[in-house]
Protein chains: 2
Amino acid sequence: MPQNSYIEHPKFHVAVDCVIFGYENDELKLLLYPRRFTPSKGDWSLMGGFVQETETLDDSSRRVLLQTVGLNNIYLEQVRGFSEPNRDPGARVISMAFYALIRIDEHDSKLASLHSGNWWPITKIPELVFDHNQMVHEALEKLQQKASYKLIGKELLPEQFTLTQLHNLYNAIFQKNFDAGNFRKKIASLNVLEKLALKDTSTSKRGAYYYRFKDDADTFEYDRIVKL
Amino acid sequence: MPQNSYIEHPKFHVAVDCVIFGYENDELKLLLYPRRFTPSKGDWSLMGGFVQETETLDDSSRRVLLQTVGLNNIYLEQVRGFSEPNRDPGARVISMAFYALIRIDEHDSKLASLHSGNWWPITKIPELVFDHNQMVHEALEKLQQKASYKLIGKELLPEQFTLTQLHNLYNAIFQKNFDAGNFRKKIASLNVLEKLALKDTSTSKRGAYYYRFKDDADTFEYDRIVKL
DNA sequence: GCAAAAGTGTTACCGGTACACCCATGT
DNA sequence: ACATGGGTGTACCGGTAACACTTTTGC
């Protein structure tokens, strides 16, 4: 807030950078793009964009996501503001890092490949432009934090999914191997999933029941799902 | 991150606003100031300032704190970026909210009162300017989050303190009443405090042992101190 | 029948909670 | 002696970690 009148203070380019998480083949993945402009043109980077006059930071992030993966109503969370004066050698840009959770199968892959977007397993993220590796690191920490006291998956898994899929998702997020039996008991105790009559027979002969998140799942308060 | 060259994108005033926490008389308090400029001149607000060309957001926050409470090396944490286009009716300002933890007895109270600063109990925060009440709300949530899995107090309590003081601090932060016996056992199990030979006899006849944080206290990984 | 994934049960242990109780000392 | 805050002990309960076990079905 102002120390004195507004006029005499410097102004900055403000940007958003999006750490876009998806889940596919039992792996947590990130959508990355080759940077389209100098400096560092061609190097891998997060998708981002400059904030416009009429936008909030969230708006800006949503616009960027709509333009790059063709989705609306995306789950978004601020990670942190990055503001080293020389973080972007091209110009002084203050950037807010966000993370987004999307369903890979729902995104517009044509749009993504149009910008040469590529999904990278979280375990094999390449060297990124500027401070983007740091952004990814902190985004993952935030995601783990979130997933440890709130059941996530609604935004990453398909509408219907098996408990094994959910279990694998948690394993992927934490790079651990939670005990399958204990995990499913914990989930059951939360009372936020609805068991469906359908079975998924694609991965096992016996078949696994599909579940879905109850409609009021986001209103639930949990204690702790897994230890960090 | 650029979508295309930097030049054609708008620039913004960027500010920081500081939620300054202190602890005094068994109460968690906030340092607030009457706003010095229109709009809303005279109304209570957080202390803040505009980011300068050579500063990071953290730098800026530290400068503001040095100027207002005369302290260096303050514990700081980003809360969130606030960016509603009309949040400040005077001009478009994107602001990063921070929270800071300081020892009330160490701050430069003359400097603070020079700007008419006043310490307000967290339970009695007045109506604040713009979105500052929201900032305070989210800062307190972050502080609670932090305090629930990390032992805080080092930045808020004097160098030496009794377990009762620490207990009261936690009660103040969470507005709860943790069981005294269980609380002190939990603290002991963390193994981050050092018991001193000295006793504080100011509040009880028997006297209470002073403790201090071990030098390597910040390197410890904890599980959970208290439930949220 | 066997392999493989899904799902259930059993048990031992650890940690939190509630609460009773003892301690030290100034008045 | 007693009130007051400081500090310890204990008994119960519930969660959870580890792991054995059963079920179902395709091959």
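From a predicted model like this one, the values you see are computed outputs, not experimental measurements. Order of the sequence lines fixes the chain letters, A, B, ..., with proteins taken first and strands second; residue numbering starts at 1 for each chain.
Contact of B:Lys185 with D:dG7 (side chain to base): no donor-acceptor pair of N or O atoms is detected under 3.5 Å. Interface remark: the B:Arg206 side chain does not form any donor-acceptor pair with the C:dA24 base, using a distance-only criterion of under 3.5 Å.
Note: CG (B:Asn177) to C1' (C:dT17) measures 14 Å, nearest angstrom. We find that CD of B:Gln165 is positioned 13 Å from C1' of D:dG6, with the value rounded to whole Å. One atom, CD1 of B:Ile187, and another, C1' of D:dG7, lie 15 Å apart when rounded to the nearest Å. Between A:Asp179 atom CG and D:dC21 atom P the separation is 15 Å, expressed in whole Å. Atom NZ in B:Lys186 sits roughly 8 Å away from atom P in C:dG15 (whole-Å rounding). In this structure, A:Tyr209 places its OH atom 8 Å from P of C:dG7, rounding to the nearest Å. One interatomic measurement links the two molecules: NZ of A:Lys199 to P of C:dA6, which rounds to 10 Å at whole-angstrom precision. Note: CZ (B:Arg184) to P (C:dT17) measures 17 Å, nearest angstrom.
Here the rule is ring-ring contact (aromatic ring centres under 6.0 Å, His included) with A:His167, and of A:Phe178, A:Phe183, A:Tyr211, A:Phe174 only A:Phe183 fits it. Evaluated for a side-chain contact (heavy atoms from CB on, under 4.5 Å) with B:Leu30, the options B:Asn118, B:Val136, B:Ile20, B:Leu128 yield exactly one hit, B:Val136. Under the ring-ring contact (aromatic ring centres under 6.0 Å, His included) rule, B:His107 has a single partner from B:Trp119, B:Tyr23, B:Phe21, which is B:Trp119.
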Notebook entry, point to check: Going through the distances and angles, do B:Lys214 and B:Glu194 end up as a salt bridge (charged side-chain N to carboxylate O under 4.0 Å, His left out)?
Noted result: CA-CA 6 Å; B:Lys214 290 186 185 172; B:Glu194 201 176 337; over 6 Å; no
Checklist line | Test salt bridge (charged side-chain N to carboxylate O under 4.0 Å, His left out) applied to B:Glu159 and B:Arg103, step by step | finding: CA-CA 10 Å; B:Glu159 186 67 26; B:Arg103 294 184 182 145; 3.7 Å; yes
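The residue among B:Tyr211 and B:Lys205 whose nearest nucleotide of DNA chain D lies closer to the 5′ end is B:Lys205. When the nearest nucleotides of DNA chain D are assigned to B:Asp200 and A:Lys227 by heavy-atom distance, the more 5′-ward of the two goes with B:Asp200. Between A:Thr203 and B:Arg224, it is A:Thr203 whose nearest contact on DNA chain C lies nearer the 5' terminus.
For D:dT4, neither phosphate oxygen OP1 nor OP2 lies less than 4.0 angstrom from any side-chain nitrogen or oxygen of B:Ser204. The phosphate of C:dA5 has neither OP1 nor OP2 within less than 4.0 Å of any side-chain N or O from A:Ser202.
A centroid separation of less than 6.0 Å is found between the aromatic rings of A:Phe161 and A:Phe213.
The structure places CD of A:Glu221 at 9.5 Å from CG of B:Leu228, a figure rounded to the nearest 0.5 Å. The distance from atom CG of B:Asp43 to atom CZ of B:Phe130, rounded to the nearest 0.5 Å, is 9.0 Å.
A:Ser189 comes within 4.0 angstrom of nothing in the nucleic acid, heavy atoms only. Here A:Thr201 lies out of heavy-atom contact (under 4.0 Å) with every strand.
Helix bend of the helix from C:dG1-D:dC27 to C:dT27-D:dA1: the angle between its two end axes, each built from five pairs, comes to 20° after rounding to 10°.
When distances run from any side-chain atom of A:Asn182 to the nucleotides D:dA17, D:dG7, C:dA18, the shortest one goes to D:dA17.
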